[in-house]
Amino acid sequence: MAAFPWHARSRNYVSESEMCKLESVPLDFGDYHPLKPITVTESKTKKMNRKGSTSSTSSSSSSSVMDPLSSVLDGTDPLSLFAAAADPVTAAPPTDGARRKRDKDESSAVGSDFEPWSSKRGEILARYTTTEKLSINLYMGSEKGKATTTGSAVSEKERKRLEELDDLEEGSQKELLNLTQQDYMNRIEELNQSLKDAWSSDQKVKALKIVIQCSKLLSDTTVIQFYPSKFVLITDILDTFGKLVYERILSMCVDNRVSLPDNFSPESVNDTAKETCLNWFFKIASIRELIPRFYVEAAILKCNKFLSKTGISECLPRLTSMIRGIGDPLVAVYARAYLCRVGMEVAPQLKESLNKNFFDFLLTFKQIHGDTVQNQLVVQCVEIPLYLTLYSPAIDWILQCIAYHAPDVLLTEMMERCKKLGNNALLLNSVMSAFRAEFIAARSMDFIGMIKECDESGFPKHLLFRSLGLNLALADPPENDRLQILNEAWKVITKLKNPQDYINCAEVWVEYTCRHFTKREVNTVLADVIKHMTPDRAFEDAYPQLQSIIQKVITYIYDFALLFSVEKFLPFLDMFQKESVRVEVCKCIMESFIKHQQEPTKDPVILNALLHVCKTMHDSVNALTLEDEKRMLAALINGFIKMVSFGRDFEQQLSFYVEARSMFCNLEPVLVQLIHSVNQLAMETRRVMKGNHSRKTAAFVRACVAFCFITIPSLSSIFTRLNLYLHSGQVALANQCLSQADAFFKAAVSLVPEVPKMISVDGKMRPSDAFLLEFLCNFFSTLLVVPDHPEQGVLFLVRGLLNVIQDYTWEDNSDDKIRIYTNVLHLLSAMTQEAFIYHVDKVDSNDALYGGDSKFLAEINKLSETVVSQILDHLKTLGKEETLKRQSQLALYFFNTILAHGDLRNNRLNQLSVNLWNLAQKHGFADTKTMVKTLEYIKRRSKQPEMSHFTDLALRLPLQSRT
């Protein structure tokens with residue numbers, strides 16, 4: 001096909017800009033201000049019929065803003081309904097949800113500041129373990145224990161139940177020996193499931209037998225170090241049983257599908273439910289052994305609510321007295337803990353019984369050091385310090401229940417009682433664990449005095465100081481006592497020989513030191529930790545505690561100039577020899593720096609230390625490192641790089657970036673950030689010099705440009721490279737580095753053929769055409785102002801890019817190549833203007849270099865003709881039925897290009913535009929609204945000066961219907 005001539009219209013960008021501006025209209029605001037309250041007039045209109053023959057309107061003014069949605073919905077919107085449902089005063093809970101709501105209300109009888117038992121359960125199971133073999137008696141059931149058949153007479157049923165009660169504790173059993181701890185836990189879980197199965201199949205007596213057998217296990221202390229965990233497992237079954245019984249009786253209280261209110265009274269309970277409740281208590285009262293009888297009755301303590309208002313308050317003292325009959329002090333203290341646990345759930349207001357429970361324990365405290373216990377420990381080869389730690393969970397829980405919202409007078413009384421007991425270290429530790437931190441902190445010196453008086457052999461003093469330190473991390477002691485407290489505690493801690501004991505205490509007291517003292521004291525503490533943990537590489541077994549110390553130090557000392565002036569901080573980091581732990585610590589430090597560093601820094605101490613930290617993170621990256629981890633590390637390092645500034649010392653800044661590039665070469669996002677930073681540095685230099693570079697600054701800017709040119713090829717992402725070549729070329733051009741800018745643009749042109757068909761975007765493979773189209777459009781915008789090289793041909797960069805686009809293999813069903821050619825026409829049209837639409841300061845573009853030379857314009861026209869021919873050829877290839885829609889869209893796209901950039905006074909171009917308009921509508925694929933708006937635009941343009949030829953064009957552009 002012969003080349004089609006292209007004639008670009010001449011543009012006056014200044015006048016066009018003025019014409020496009022919105023007309024300014026003076027406004028009289030009066031009293032109006034957008035931030036003032038608005039007075040809204042509400043109009044209510046009652047429509048009589050659709051035709052609107054009559055209507056009545058009433059208006060009222062309101063000083064508050066009326067929400068139009070609320071007024072229409074009249075409170076029936078979903079959010080209002082939810083809010084109403086959540087209000088216990090205005091909305092009654094549905095009948096089927098009453099039980100769930102009641103359970104929630106009762107569980108929240110104590111506030112959220114009370115730590116529940118469930119949060120302690122996992123810690124106890126993890127801490128109190130054993131490798132010794134365990135045994136368990138399983139209830140196997142019998143024929144007598146099975147549910148009565150439906151055809152039995154009433155008297156027969158009663159006889160069977162009486163036989164079952166006689167057989168309550170003599171049912172067939174199976175003793176399982178030599179169980180591992182895990183096997184034991186599995187068996188207990190099986191019993192829990194058996195209990196639920198028996199209950200659901202209406203075998204209530206069998207369920208009771210299972211609970212009794214489980215409760216008996218709590219009297220067995222043959223593997224004493226496992227007892228706390230056994231207590232947790234067994235009481236889970238008791239809790240399940242108590243809940244099943246309570247819900248069973250509650251379900252019997254439903255009359256006419258209406259359940260009992262939340263705070264029901266015994267008078268509202270029907271006789272059947274009361275009789276069933278009494279029956280359960282009578283069954284439990286017939287259990288001969290004390291421990292199962294106590295535990296099973298405590299489990300259903302809540303059921304007393306069905307019988308009388310004072311039932312629970314009467315039962316608690318009796319159950320407390322029953323515990324006095326348990327001879328083993330360890331078994332007894334856990335029984336007291338279970339009673340406190342149940343008591344806090346069902347009647348937290350009855351604190352007198354809880355206090356009595358604890359004071360009973362104090363009276364029997366001396367049993368712990370009696371001959372019976374000592375003989376038992378000798379048999380089991382258990383040391384007294386280990387034995388005493390078994391009491392901690394129970395005593396801690398009892399004291400927590402008592403201390404909850406207790407007045408200081410009561411707490412002081414309890415503290416005084418503990419003082420009077422000999423060997424009271426165990427109690428003292430529990431007091432410090434359970435009482436409020438403010439109470440302990442205010443009496444810190446009193447507690448230190450009590451700790452000093454404790455016997456070292458029974459309960460180690462360092463554990464007491466650890467408990468004290470945990471309180472002082474939450475509440476501040478009197479200011480005058482702070483240094484003395486630290487000295488007293490550290491005198492004990494530093495003498496510890498066992499590294500694990502030492503680090504467990506030091507970890508707690510580091511926080512106290514950081515909170516209240518200067519870097520001198522912190523440095524002393526860190527030096528002491530290094531001294532204790534370095535011999536025999538003891539630090540390898542204490543990484544969690546060492547990490548915790550670092551976290552606490554950087555939490556309180558977040559001024560990094562001050563932090564790195566702590567002499568022993570970096571040697572402390574050297575103890576993290578395990579790479580994974582070391583990297584985690586480095587991440588914590590960098591996160592803290594990025595969070596707290598407000599101003600850019602050039603402090604050499606900070607820079608050297610954090611470069612070392614970042615280098616550690618970078619060097620951990622290998623072929624197996626996940627992409628998310630790489631992104632996180634790169635983000636932290638980039639955050640550091642952005643916070644480094646040497647002010648006006650640009651050469652020092654560039655040297656830092658060069659060093660950073662050599663250190664972080666394996667993390668691509670860091671290299672990208674460095675390139676952006678160096679480009680920013682070059683532009684900052686230009687700003688300081690106001691565009692007039694001296695010889696020195698010109699050389700410096702060229703050094704920055706060289707940094708970017710060397711670094712970009714090392715990146716793997718092809719579009720990252722393309723965009724950085726373009727961006728860096730623009731920076732070079734702005735700094736009058738023309739040959740360097742040409743080098744960047746040539747590199748970008750040569751890279752385009754390497755763009756793959758598919759690229760990975762957010763982990764998914766996507767076609768690259770859209771990304772390439774976006775890049776090339778940006779590239780064209782830059783090429784407008786790039787001056788031609790004197791030794792190269794006219795428009796050598798544009799020609800090179802067009803050749804690359806021509807040779808690139810495009811998708812068969814893609815029109816992106818033609819869209820790119822259309823954008824090239826925009827560029828070439830802009831190049832024909834006497835003055836370009838924009839320029840780079842102090843850079844002469846081709847409009848100045850060629851000055852509208854006819855040969856230059858002829859070259860542009862020749863290129864334009866070639867591009868137009870390519871577009872028209874492509875439009876012809878889209879004449880098949882399956883591509884007619886694409887042809888229509890492209891024809892309209894090209895028509896708009898001619899409209900915007902072409903000189904339509906040229907007859908051939910005018911005729912081409914008419915042909916494209918008709919082609920766009922020919923097969924009914926054109927959007928009618930778009931065509932109408934386009935035609936309206938042409939008619940408006942025809943009214944502008946020197947645009948009269950648009951009038952003739954509009955007459956030649958028919959609108960066709962889709963049919």
Side-chain angles (χ1 to χ4, degrees), residues 85-110 147-148 150 154 157-158 161 164-165 195-212 237-287 293 295-316 318-319 339 341-350:
D87 186 353
V89 177
T90 59
T95 303
D96 59 350
R99 184 180 303 158
R100 285 195 296 274
K101 186 176 187 300
R102 185 184 294 109
D103 289 345
K104 181 179 178 182
D105 291 342
E106 288 169 353
S107 66
S108 61
V110 290
T148 309
T150 53
V154 175
K157 182 176 181 180
E158 290 175 352
R161 285 290 172 90
E164 288 173 353
L165 287 173
L195 167 65
K196 294 174 184 176
D197 293 343
W199 191 271
S200 61
S201 59
D202 204 28
Q203 299 182 61
K204 304 294 188 293
V205 175
K206 179 182 177 182
L208 181 58
K209 286 183 178 183
I210 292 172
V211 175
I212 293 170
I237 295 178
L238 288 165
D239 291 342
T240 301
F241 176 72
K243 186 177 180 182
L244 290 171
V245 173
Y246 183 82
E247 289 184 352
R248 163 69 177 156
I249 298 171
L250 188 65
S251 67
M252 300 172 73
C253 300
V254 178
D255 290 326
N256 299 323
R257 299 183 61 81
V258 177
S259 61
L260 288 176
D262 294 339
N263 297 314
F264 64 87
S265 63
E267 290 76 18
S268 57
V269 178
N270 58 46
D271 292 342
T272 306
K274 284 185 177 179
E275 184 181 349
T276 304
C277 187
L278 280 170
N279 189 28
W280 276 109
F281 281 111
F282 292 153
K283 285 178 184 177
I284 292 165
S286 67
I287 301 172
R293 186 168 73 251
Y295 273 107
V296 179
E297 183 174 354
I300 67 165
L301 179 66
K302 189 176 179 181
C303 295
N304 279 283
K305 290 172 64 177
F306 297 108
L307 300 176
S308 70
K309 291 181 179 179
T310 59
I312 293 175
S313 59
E314 290 169 358
C315 280
L316 276 174
R318 180 171 55 79
L319 290 171
L339 187 59
R341 181 172 137 201
V342 175
M344 284 298 284
E345 286 177 6
V346 301
Q349 71 280 5
L350 299 176

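Starting from 1, each residue takes its place in the sequence as its number.
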Practice problem: Please test Leu208 against Val296 for side chain to side chain contact (heavy atoms under 4.5 Å, CB included), starting from the C-alpha separation and ending with a verdict. | Solution: CA-CA 9 Å; Leu208 181 58; Val296 179; 4.0 Å; yes
Exercise. Start with the C-alpha gap between Met252 and Glu275, add the side-chain angles, then the distance that decides, and say whether side chain to side chain contact (heavy atoms under 4.5 Å, CB included) holds.
Key: CA-CA 11 Å; Met252 300 172 73; Glu275 184 181 349; over 6 Å; no
Self-check item: Evaluation steps, side chain to side chain contact (heavy atoms under 4.5 Å, CB included), between Cys315 and Glu297
Solution: CA-CA 9 Å; Cys315 280; Glu297 183 174 354; 4.2 Å; yes
Exercise. List the steps and the verdict of side chain to side chain contact (heavy atoms under 4.5 Å, CB included) for Leu301 and Leu319.
Key: CA-CA 10 Å; Leu301 179 66; Leu319 290 171; 4.1 Å; yes
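Of all non-hydrogen atoms in Gly311 and Ser308, the two that sit nearest each other are N-OG, 3.0 Å. The minimum heavy-atom distance linking Val342 with Ala298 is given by the pair CG1-O, 3.3 Å. For the pair Cys253 and Val269, the tightest heavy-atom approach, listed with the atom from each and the gap, is SG-CG1, 3.7 Å.
A distance of 5.0 Å separates CG in Leu278 from CG in Leu307, rounded to the nearest 0.5 Å. Atom CG of Asp197 and atom CD1 of Ile210 lie 8.5 Å apart (nearest 0.5 Å). Rounded to the nearest 0.5 Å, atoms CD1 (Ile212) and CG (Leu238) are 10.5 Å apart. The CG atom of Asn279 sits 16.0 Å away from atom NZ of Lys274, with the distance rounded to the nearest 0.5 Å. Between Lys209 atom NZ and Gln203 atom CD the span is 10.5 Å, to the nearest 0.5 Å. For the atom pair Lys302 NZ and Lys243 NZ, the distance stands at 9.0 Å (nearest 0.5 Å).
Using a 4.5 Å heavy-atom cutoff, the side chains of Val211 and Tyr295 are not in contact. Two residues are said to be in side-chain contact when any heavy atoms from C-beta on lie closer than 4.5 Å; Lys305 and Pro266 fail this criterion.
The number of heavy atoms from other shown groups lying within 6.0 Å of CZ (Arg248) does not exceed 12.
Remark: Asn270 pairs with Asp255, Thr272, Ala273 by the side chain to side chain contact (heavy atoms under 4.5 Å, CB included) rule, at least two apart or across chains. Under the rule for a ring-ring contact (aromatic ring centres under 6.0 Å, His included), the partners of Trp280 that lie at least two apart in sequence or sit in another chain are Trp199, Phe241. The salt bridge (charged side-chain N to carboxylate O under 4.0 Å, His left out) search around Arg341 returns Asp239, not counting sequence neighbours. Taking Phe306 as the reference, Tyr246, Phe264 meet the ring-ring contact (aromatic ring centres under 6.0 Å, His included) condition, with sequence neighbours excluded. Residues passing the side-chain hydrogen bond (donor to acceptor under 3.5 Å, both in side chains) test with Thr310 are Glu314, sequence neighbours excluded.
Side chain of Arg293 to main chain of Ile287: a donor-acceptor pair is present (N/O by atom type, distance under 3.5 Å, no hydrogens or angles).
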